[in-house]
Amino acid sequence: MTWKLIEKQKRLLKDERGTIYKDHHGRIKVAIIYPNTYYVGMSNLGFQNIYYYLNQRDDIVCERAFLPDEDEIDEYKRTETSLISLESQTRIKDFDIVAFSVSFENDYINILKILGLAGIPYKKTERSEKEPLVVMGGVCAFFNPEPLTDFIDLIAVGEGEEIINEIMDKYKEEMEKGKRETLKRMAQIDGCYVPELYDIDYNEDGTIRAMISKDGAPERIKKRWIKDIDKYIAKTRVFTHNTEFENMLLVEVGRGCGRACRFCLEGYAYRPLRYRKADKVLAAVAEGEKFTKRTGFVGAAVSDYPYINEICIGSSKEISVSSLRADSVSEVLIKRLSESGHKTIAIAPEAGSERLRRVIKKDITEADILKAARLILSNNIPNLKLYFMIGLPTETDEDINAIIDITKKVKEILLEIGRKKGQLGRITLSISSFVPKPHTPFQWCKMDDVDSLNRKLKFLKKNISKIDNVFITTDVPKWAYIQGILSRGNRRVGNLIESAYKSDGYWKRAMRETAFNSDFYAVRERQLDEMLPWSFIDVGVKKELLIKEYKEAMA
């Protein structure tokens with residue numbers, strides 16, 4: 001182990017407030033890992049709160065680890081050092097349990113990188129009884145974990161606070177019997193998915209014929225969710241300036257979304273919608289005052305939170321929000337954001353035309369968008385960010401043109417207010433590519449191909465560049481395409497992930513070398529009666545409802 005690597009860990013720790021240190025002796029040792037860099041991982045509330053709640057148990061010591069920066073990876077490889085934890089610089093392979101918190105499909109390859117750096121075989125079939133138990137949680141664990149089943153021993157389906165103690169209790173009770181036997185026992189816990197206890201039978205065309213459970217494993221895995229959300233307050237536990245939300249207290253105001261936009265996982269996989277009581281949120285804000293004077297309220301649509309005005313008035317801190325709905329922004333909220341020094345606010349029309357917004361069930365009108373823009377810009381917030389998607393189901397060239405049209409109308413409001421105030425701001429369009437998500441009404445839809453997405457982006461960039469004070473940022477369609485493969489893939493996609501890992505992240509080369517039919521997963525339209533890779537997961541939404549919403553959208 002080199003001093004250079006240890007020094008980096010200690011520098012990060014020195015800048016933290018709220019870090020938990022515990023002695024390892026006599027405790028179950030858990031390494032919780034975010035499969036991206038420290039900067040990204042420490043912005044994730046779910047990751048921080050599982051770290052906190054595990055450490056509330058006296059019989060467990062939980063420490064964090066992340067994907068090292070590129071220069072650190074080179075140092076690990078050069079010195080043949082095994083990946084170490086943050087708090088005590090203990091080798092990850094010396095922990096009893098290695099638990100990944102996975103939020104984004106494009107981080108899948110990083111799981112293999114991390115296991116490789118830790119000296120743990122990334123394929124579960126090659127791991128011995130002495131190797132740590134490899135667990136996965138996070139949102140990717142309960143919408144479609146199948147592409148990762150070659151690498152993960154146990155998958156926690158649902159909200160971690162609800163299930164984590166049962167997993168730890170069962171591990172403590174059964175660990176002397178060995179890993180395989182322990183996993184069989186864990187499979188009896190609601191929400192625990194042990195992939196090795198299931199066989200997949202495929203049709204000749206590559207679709208799934210059946211999923212067969214064995215050794216008493218349940219046929220369906222039911223998502224775990226917190227019934228009393230006030231019992232667990234999701235908030236920042238460790239403060240640091242080495243992250244996106246620098247020294248800001250983040251507090252989650254609710255889970256789920258009542259809008260149920262047809263493209264959005266939040267409105268379906270996180271059902272039922274639950275809001276935290278205002279007094280619980282304000283208590284969390286007050287407790288955080290010893291660390292920071294800045295608070296960010298987090299939720300699927302914070303402006304829909306029924307107590308938003310109450311917490312805005314009740315909080316003496318500078319406030320920020322994760323997202324606003326154009327039809328539910330209040331003057332109280334906008335004024336508080338302005339007083340807190342905000343210079344930019346984001347709203348998400350998602351589609352340019354009202355027709356396409358009806359298709360995706362984004363029930364806001366053009367009048368709602370323009371009214372929200374006027375309210376924001378009139379309150380000394382000079383800049384506006386607008387989120388749009390391209391490649392949505394039934395999209396036409398007219399819908400793409402409508403993005404430009406509504407941007408021009410917002411620009412007129414910007415000019416009108418800016419001239420009066422002598423402060424002309426800017427509009428930024430953020431354009432992303434639609435990726436169909438499991439457990440949503442659009443899970444059967446095909447994804448737009450990369451050439452088509454690039455053509456639309458080129459058209460938008462060309463025309464937006466002609467509008468003064470309007471700027472555009474976009475995603476990269478080839479990466480959205482990869483996300484589409486990983487989002488809706490089956491177990492066979494694990495071979496592609498492994499090949500991409502061996503190819504240093506060159507997905508195109510990996511597809512070529514494995515003769516992988518990527519279009520089968522990304523751009524193929526599914527049949528309504530097809531057994532989907534994630535069909536065995538019960539997130540609490542009936543298939544009949546999804547079909548009904550899908551048919552209404554297509555109509």
Those residues that, when tested against Tyr34, pass ring pair (Phe, Tyr, Trp, His ring centres under 6.0 Å) (two or more places apart):
Phe47
For Trp225, all residues meeting ring pair (Phe, Tyr, Trp, His ring centres under 6.0 Å), sequence neighbours excluded:
none
Intermediate values then yes/no, side chain to side chain contact (heavy atoms under 4.5 Å, CB included), Lys235 and Leu250:
CA-CA 5 Å; Lys235 64 178 184 178; Leu250 300 180; over 6 Å; no
Donor-acceptor contacts, no H, no angles, side chain residues 547-555, under 3.5 Å, sequence neighbours left out:
from, atom 1, to, atom 2, distance (Å)
Lys548, NZ, Glu552, OE2, 3.0
Glu549, OE1, Arg262, NE, 2.8
Glu549, OE1, Arg262, NH2, 3.0
Glu549, OE1, Lys361, NZ, 3.4
Glu549, OE2, Lys361, NZ, 3.0
Tyr550, OH, Glu525, OE2, 3.2
Glu552, OE1, Arg262, NH2, 3.2

Whether the side chain of [X] engages the backbone of [Y] through a donor-acceptor N/O pair (distance < 3.5 Å, no angle test) should be reported.
X      : Y      : value
Asp368 : Thr365 : yes
Lys172 : Ile28  : no
Tyr198 : Pro218 : yes
His439 : Phe143 : yes
Ser43  : Tyr39  : yes
Ser499 : Asn495 : no

According to salt bridge (Lys or Arg N to Asp or Glu O under 4.0 Å), who are the partners of Lys502, at least two apart in sequence or on a separate chain?
Glu498
Close side-chain approach of [X] and [Y], heavy atoms under 4.5 Å:
X      : Y      : answer
Ile167 : Lys170 : no
Thr440 : Leu546 : no
Thr236 : Leu45  : yes
Arg224 : Phe142 : no
Glu146 : Val493 : no
Arg209 : Tyr202 : no
Met42  : Arg64  : yes
Leu154 : Met136 : no

How long is the straight-line distance from [atom2] of [Y] back to [atom1] of [X], given to the nearest 0.5 Å?
X      : Y      : atom1 : atom2 : value
Ile200 : Asn490 : CD1   : CG    : 8.0 Å
Thr182 : Lys179 : OG1   : NZ    : 9.5 Å
Ile208 : Ser535 : CD1   : OG    : 7.0 Å
Ile92  : Lys29  : CD1   : NZ    : 12.0 Å
Ile97  : Ile33  : CD1   : CD1   : 12.0 Å
Asp399 : Arg357 : CG    : CZ    : 10.0 Å

Salt bridge present between [X] and [Y] (N-O < 4.0 angstrom):
X      : Y      : result
Asp397 : Arg455 : yes
Glu159 : Arg255 : yes
Arg259 : Asp327 : yes
Glu174 : Lys184 : no
Asp230 : Lys277 : yes

Is the [X] to [Y] ring centre distance short of 6.0 Å?
X      : Y      : answer
Phe536 : Tyr193 : yes
Tyr501 : Phe151 : no
Tyr232 : Tyr53  : yes

Residues in side-chain hydrogen bond (donor to acceptor under 3.5 Å, both in side chains) contact with Asn55, at least two apart in sequence or another chain
none
Among all residues two or more places apart in sequence or in another chain, which pass the side chain to side chain contact (heavy atoms under 4.5 Å, CB included) test with Glu176?
none
Greater than 12 external heavy atoms within 6.0 Å of [X]'s [atom1]:
X      : atom1 : result
Lys458 : NZ    : no
Tyr506 : OH    : no
Glu129 : CD    : yes
Lys214 : NZ    : yes

Verdict with supporting geometry, Asn144 and Arg488, side chain to side chain donor-acceptor pair (under 3.5 Å)
CA-CA 7 Å; Asn144 178 25; Arg488 298 200 292 173; over 6 Å; no
Test salt bridge (Lys or Arg N to Asp or Glu O under 4.0 Å) on Asp448 and Lys456; report intermediate values, then the result.
CA-CA 11 Å; Asp448 210 353; Lys456 293 169 184 177; 2.6 Å; yes
Option among Arg127, Arg180, Lys123 that satisfies the salt bridge (charged side-chain N to carboxylate O under 4.0 Å, His left out) test with Glu196
Arg180
Using the rule given for side chain to side chain donor-acceptor pair (under 3.5 Å), can you reason through Ser433 versus Asp475, listing the C-alpha separation, both sets of side-chain angles and the distance that settles it, and then say yes or no?
CA-CA 7 Å; Ser433 304; Asp475 70 357; 3.2 Å; yes
Under the criterion side-chain contact (heavy atoms from CB on, under 4.5 Å), which of Pro195, Pro145, Pro533 is the partner of Arg491?
Pro195
Show your reasoning for whether side chain to side chain donor-acceptor pair (under 3.5 Å) applies to Gln483 and Lys478.
CA-CA 9 Å; Gln483 185 187 143; Lys478 69 177 182 180; over 6 Å; no
Would you please test Asp205 and Arg524 for salt bridge (Lys or Arg N to Asp or Glu O under 4.0 Å) and show each step?
CA-CA 12 Å; Asp205 63 359; Arg524 178 177 65 88; over 6 Å; no
Before you tell me yes or no, could you show the steps for Asp538 and Lys223 under side chain to side chain contact (heavy atoms under 4.5 Å, CB included), namely the whole-Å CA-CA distance, both residues' side-chain angles and the distance that decides it to 0.1 Å?
CA-CA 6 Å; Asp538 178 4; Lys223 179 198 74 177; over 6 Å; no
If you take all heavy atoms of Cys140 and Phe104, which pair is closest and at what distance?
SG-N, 3.6 Å
Test side chain to side chain donor-acceptor pair (under 3.5 Å) on Trp444 and Glu530; report intermediate values, then the result.
CA-CA 9 Å; Trp444 294 284; Glu530 180 179 331; over 6 Å; no
